[in-house]
Amino acid sequence: MSTIRNPVGPQPSRVYWRRRILVLLGLIAVIVVVALIVFQPRGDTTADTSDTASPTPGEPAESDPAATDEAEPSAEPVAGGPCDPASVTVAAITDTNNYAPEQQPQFSFSIVNTGTMSCIFNVGTTQQSFVVTSGEEQYWSSKDCETGPVDSELPLEPNVAVTSTPIPWDRTRSSTTTCDTQRTAVPAGGATYNLTVTVGAAAASTTSFIVN
């Protein structure tokens, strides 16, 4: 008979069976421990942290499309169509209202869009007219000897005044026939003159000054 079932030795057989049982139990314990180590449950190391994740220091955060739209500068306002002349105000301007002898008057104008929307108005020399009168008599006009007039489309914002570059008046009479000849000086000695400025179809403006 097999020695596994019938142990052979000087000790009683129950001693050998007890030893075998202890060895077997030890072996089973080792197998169980090894199995627990190998098959031990592990936590999910790839948990989704997208809700609380923040950018790594030193790396740019992922841009938010909505924030990008808000950060973009607004487009420049574009002027509308032509101004209604009734909504354009012109003001005649002289650099002073009392000129000393030999002092040349400087004429200019300011223009304002009194409407509520931006618009475009032609303020070029084709549209400008400066006229000097005294009483019923006209003494000088910027149109008499004008050369090379040009158009100039100017965007006008509501209620924002724009002032033209001054032009000098040499205190002489003008006419279309005196452009290349010596002109006659106008009366001085405290004479009062009127400057009337017209720009396109906008209403004309007049201001007075004294020439000594």
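The first residue of the sequence shown is numbered 1, and numbering continues consecutively from there.
In terms of heavy-atom proximity, Thr206 sits nearest to Thr196 at OG1-OG1, 2.9 Å. Considering all non-hydrogen atoms of both residues, Asn122 and Asp151 come closest at ND2-OD1, 2.9 Å. The shortest non-hydrogen separation linking Gln138 to Arg173 is O-NH1, 4.5 Å. The two residues Ser174 and Ser141 have their closest heavy-atom pair at OG-N, 3.0 Å. Among all heavy-atom pairs drawn from Ile210 and Thr192, the shortest one is CG1-OG1, 3.9 Å. Taking both residues in full, the closest heavy atoms of Cys83 and Leu156 are given as SG-CD1, 4.1 Å, listed atom of the first, atom of the second, then distance.
Taking CD of Gln127 as the start and CD1 of Ile111 as the end, the distance is 10.0 Å to the nearest 0.5 Å. One distance of note links CZ of Phe209 with CG of Leu195; it measures 6.0 Å at 0.5 Å rounding. Rounding to the nearest 0.5 angstrom, the gap separating the CE atom in Met117 from the CG atom in Asp84 is 14.0 Å. The OG atom of Ser164 sits 4.0 Å away from atom CZ of Phe109, with the distance rounded to the nearest 0.5 Å. Taken from CZ in Arg183 to OG1 in Thr172, the straight-line distance is 4.5 Å, to the nearest 0.5 Å.
A donor-acceptor pair under 3.5 Å is formed between the side chain of Asn212 and the backbone N or O of Tyr99. Within the 3.5 Å criterion, the main-chain N or O of Ala92 finds a donor-acceptor partner in the side chain of Ser205. A distance-only check finds a donor-acceptor pair linking the side chain of Thr114 to the backbone of Ser87 [under 3.5 Å]. In terms of modelled atom types and a separation under 3.5 Å, the side chain of Thr125 and the main chain of Val150 share a donor-acceptor contact. At least one donor-acceptor pair under 3.5 Å links the side chain of Lys143 to the backbone N or O of Gln128. Proximity of a side-chain donor or acceptor of Gln104 to a complementary backbone N or O of Arg171 within less than 3.5 Å is not detected.
Side-chain atoms of Pro158 and Thr116, non-hydrogen and from C-beta on, never get closer than 4.5 Å to each other. Taking 4.5 Å as the limit, some side-chain heavy atom of Thr94 sits within range of a side-chain heavy atom of Phe107.
Under a cut-off of 6.0 angstrom, the local environment of CD in Glu102 is sparse, with at most 12 non-hydrogen atoms contributed by other residues, nucleotides or ligands.
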With side-chain contact (heavy atoms from CB on, under 4.5 Å) as the criterion, how do Ile93 and Thr207 come out once you've worked through the C-alpha distance, each side chain's angles and the decisive distance to 0.1 Å?
CA-CA 7 Å; Ile93 301 173; Thr207 188; over 6 Å; no
Show your reasoning for whether side-chain contact (heavy atoms from CB on, under 4.5 Å) applies to Trp169 and Val186.
CA-CA 11 Å; Trp169 176 43; Val186 299; 3.7 Å; yes
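If you chain together hydrophobic residues whose side chains sit under 4.5 Å apart, Val199 and Phe130 fall into the same group. Hydrophobic cluster membership differs between Phe121 and Val160, with clusters built from Ile, Leu, Val, Met, Phe, Trp and Tyr side chains linked at under 4.5 angstrom. Val90 and Leu154 fall within the same hydrophobic cluster, where Ile, Leu, Val, Met, Phe, Trp and Tyr residues are linked whenever their side-chain heavy atoms come under 4.5 Å apart, directly or through other members.
For the residue pair Asn194 / Ser208, a side-chain donor-acceptor distance below 3.5 Å is found, with atom types taken as modelled.
Listed by first and then second residue, the disulfide bond (SG atoms under 2.5 Å apart) pairs that reach into residues 145-212 are Cys145-Cys179, sequence neighbours excluded.
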